[in-house]
Chemist: 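Here you go, one structure.
When a ligand or atom number is given, it counts from 1 through the structure's own listing order.
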Amino acid sequence: MKLEEMCGFQVVDAVRLTIHVFAESLGNAIDAKDHCTRSHSEEVAVVSQAIGQQVGLSASQADILHIAGHLHDIGKIGISDAILKKSGPLTDAEYKVIKTHPQMGAEIIGPLTTLMGNDGIAKMVLHHHERYDGTGYPHGLRGTRIPLGARIIAVADSLSAMLQTRPYRPAMDFGKAADEVARCAGTQFDPRIVEAFLDIQDTIKGYIDSMRDLKVAV
Ligand SMILES: [Fe+2]
Ligand SMILES: [Fe+2]
């Protein structure tokens, strides 16, 4: 499904359109490093935008969230494939390296933030692995101290990851993944964001199914 059909993406200006296209390309580049994560950044972008609109963000704010979704894992470009694609369990040292990707991502897109003004994209990228209960990384922020966009991306990111096959587990079906998101309300995720996700889960499932159909067709 085209993004425009899913969320009514509105191009406010040519600069933002260009930034969106580049963000999408960079997201595709990071997903191409690992066949398991194909379309992951695209899914995070679209699902985050839809949840953002559901919680009352303006169309413009939701567009920015969409762009941040494409870029959320861009810092993984700086992580070696040996760690990123490792099929066995990670050592503590390897996990420590993985955990540098939000910070690296925020630094990589620094010039973009300069171009777009103080729109918060870098902060959304920096904090997308924080947890609502304060046990996430990199800063251990808790609750609403985590930027709203990062709290939304966290839900979309986990959902998309659960729906994809990984070397150590099969893909979860949508219902089970949605139940898992609901179970983590108040611990991993902001309950308000989870509620918004559950309200529009049928629409999101329709979009995810269409993405899967696309993959089978290729
Ligand atoms: Fe996009
Ligand atoms: Fe990440």
Chemist: Taking all non-hydrogen atoms of both residues into account, name the closest pair between Leu126 and Pro102 and its distance.
Modeler: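 Where Leu126 meets Pro102 most closely, the heavy atoms are O-CB, 3.2 Å.
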Chemist: To the nearest 10 degrees, how large is the angle at the Fe ion (ligand 1) between Glu24 OE1 and His70 NE2?
Modeler: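 With the Fe ion (ligand 1) as the vertex, the angle is close to 100°.
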Chemist: Taking the Fe ion (ligand 1) as the vertex, measure the angle between atom NE2 in His66 and atom NE2 in His20; round to 10°.
Modeler: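 With the Fe ion (ligand 1) as the vertex, the angle is close to 90°.
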Chemist: Between Phe174 and Phe197, how do the two ring planes meet: parallel, tilted or perpendicular, split at 30° and 60°?
Modeler: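 Tilted: the ring planes of Phe174 and Phe197 meet at 30° to 60°.
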Chemist: Got a sec: is His72 within less than 2.8 Å of the Fe ion (ligand 2) via an N/O/S atom?
Modeler: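 Here the distance criterion (N, O or S atom, under 2.8 Å) is not met by His72, so no.
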Chemist: Name the one of His66, His127, His128 that satisfies ring-ring contact (aromatic ring centres under 6.0 Å, His included) with His72?
Modeler: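 For His72, the ring-ring contact (aromatic ring centres under 6.0 Å, His included) test succeeds with only one of His66, His127, His128, which is His128.
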Chemist: Is Asp73 close enough to the Fe ion (ligand 2) to have an N, O or S atom under 2.8 Å?
Modeler: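 Coordinating: yes.
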Chemist: Verify the distance test for Glu42 against the Fe ion (ligand 1): any N/O/S atom under 2.8 Å, yes or no.
Modeler: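 Given the 2.8 Å cut-off, Glu42 does not count as a ligand of the Fe ion (ligand 1).
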Chemist: Kindly check if the number of other-residue, nucleotide or ligand heavy atoms within 6.0 Å of NZ (Lys176) is above 12?
Modeler: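 Open.
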Chemist: Which pairs pass side-chain hydrogen bond (donor to acceptor under 3.5 Å, both in side chains) with one or both residues in residues 141-152, sequence neighbours excluded?
Modeler: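 Passing the test, one end in residues 141-152: Arg151-Asp190.
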Chemist: With carbon and hydrogen excluded and only N/O/S kept, which atom of His129 is nearest the Fe ion (ligand 2)?
Modeler: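 The nearest such atom is NE2.
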